[in-house]
Amino acid sequence: MFTRSAKLLVTAAFAATLAAPAAFAENPMVGGAPMYAEKNIVENAVNSKDHTTLVAAVKAAGLVETLQGEGPFTVFAPTNAAFDKLPEGTVATLLKPENKDQLAKVLTCHVVAADAMSSAINKMIADDGGAHPVKTVGGCEFTARTKDGKIMIEDGQGNMATVTIADVDQSNGVIHVIDTVLLPAS
């Protein structure tokens, strides 16, 4: 028979076990698909119905192997709707083999060589007085800000992208879904 203190200890241990999974929150769904922290950026992105244009662009630019690499990477991943906001014909033109370098430049301007969750980005923005410079692997420099509790990224042409889904943990970094394609300064 358990003593009262032993019962309390077992009850406390059981309660802690039940509470433990909350400390490891599941990834948000993206594009109707579950995102798995043990998979890499490409393995997860191919399952999102909202990122088919991005996946096609990554393949056309020859960046699949890179984004499957060790990282760490923070990817600001534009949705299909974000690509649709570009002038008509832009995506089709970028996907042509002769424009592979230009496409790679645009895509690598969405990648930072770090594993930056939204809490870290928000802290950097606050520490820098409301605007934090973001240097990408594509050589672009953007500005991160916050507005109405959301992270915003201003690109090289003054366009503003909003992070609509943050902190999608990956085995080689993190994805933040954005609503606008980031473009390098012209």
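Values in this document were obtained by computation on a predicted structure and should not be read as measured data.
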Quiz item: Between Thr79 and His51, does a side chain to side chain contact (heavy atoms under 4.5 Å, CB included) hold up when you go through it step by step?
Solution: CA-CA 5 Å; Thr79 60; His51 290 90; 3.9 Å; yes

Quiz prompt | Ser119 and Lys123: CA distance, side-chain angles, deciding distance, side chain to side chain contact (heavy atoms under 4.5 Å, CB included) verdict | solution = CA-CA 6 Å; Ser119 59; Lys123 181 175 180 347; over 6 Å; no

Quiz item: Going through the checks in order, is the side chain to side chain contact (heavy atoms under 4.5 Å, CB included) test met by Leu86 and Leu183?
Solution: CA-CA 10 Å; Leu86 292 171; Leu183 299 171; 4.2 Å; yes

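Between Gln170 and Asn40, the closest side-chain pair of non-hydrogen atoms is not below 4.5 Å. Residues Val30 and Ser48 have side chains in contact (heavy-atom distance under 4.5 Å, counting atoms from C-beta outward). For the pair Gln68 and Asn172, the minimum side-chain heavy-atom distance is 4.5 Å or more.
Annotation: Glu98, atom CD; neighbour count of heavy atoms from other residues, nucleotides and ligands within 6.0 Å is above 12. Residue-environment remark: NZ (Lys85) exceeds the threshold of 12 foreign heavy atoms within 6.0 Å. Gln157 CD: more than 12 foreign heavy atoms inside a 6.0 Å radius. Within 6.0 Å of atom CD in Glu88, 12 or fewer heavy atoms from other residues, nucleotides or ligands are found, so the atom counts as exposed in its surroundings.
For His110 and Phe76, the gap between ring centers reaches or exceeds 6.0 Å.
Summarising the geometry, atom CD1 belonging to Ile153 is positioned 9.5 Å from atom OG1 belonging to Thr162; distances are rounded to the nearest 0.5 Å.
Residues Asn80 and Lys49 approach most closely at ND2-O, 3.0 Å, considering heavy atoms.
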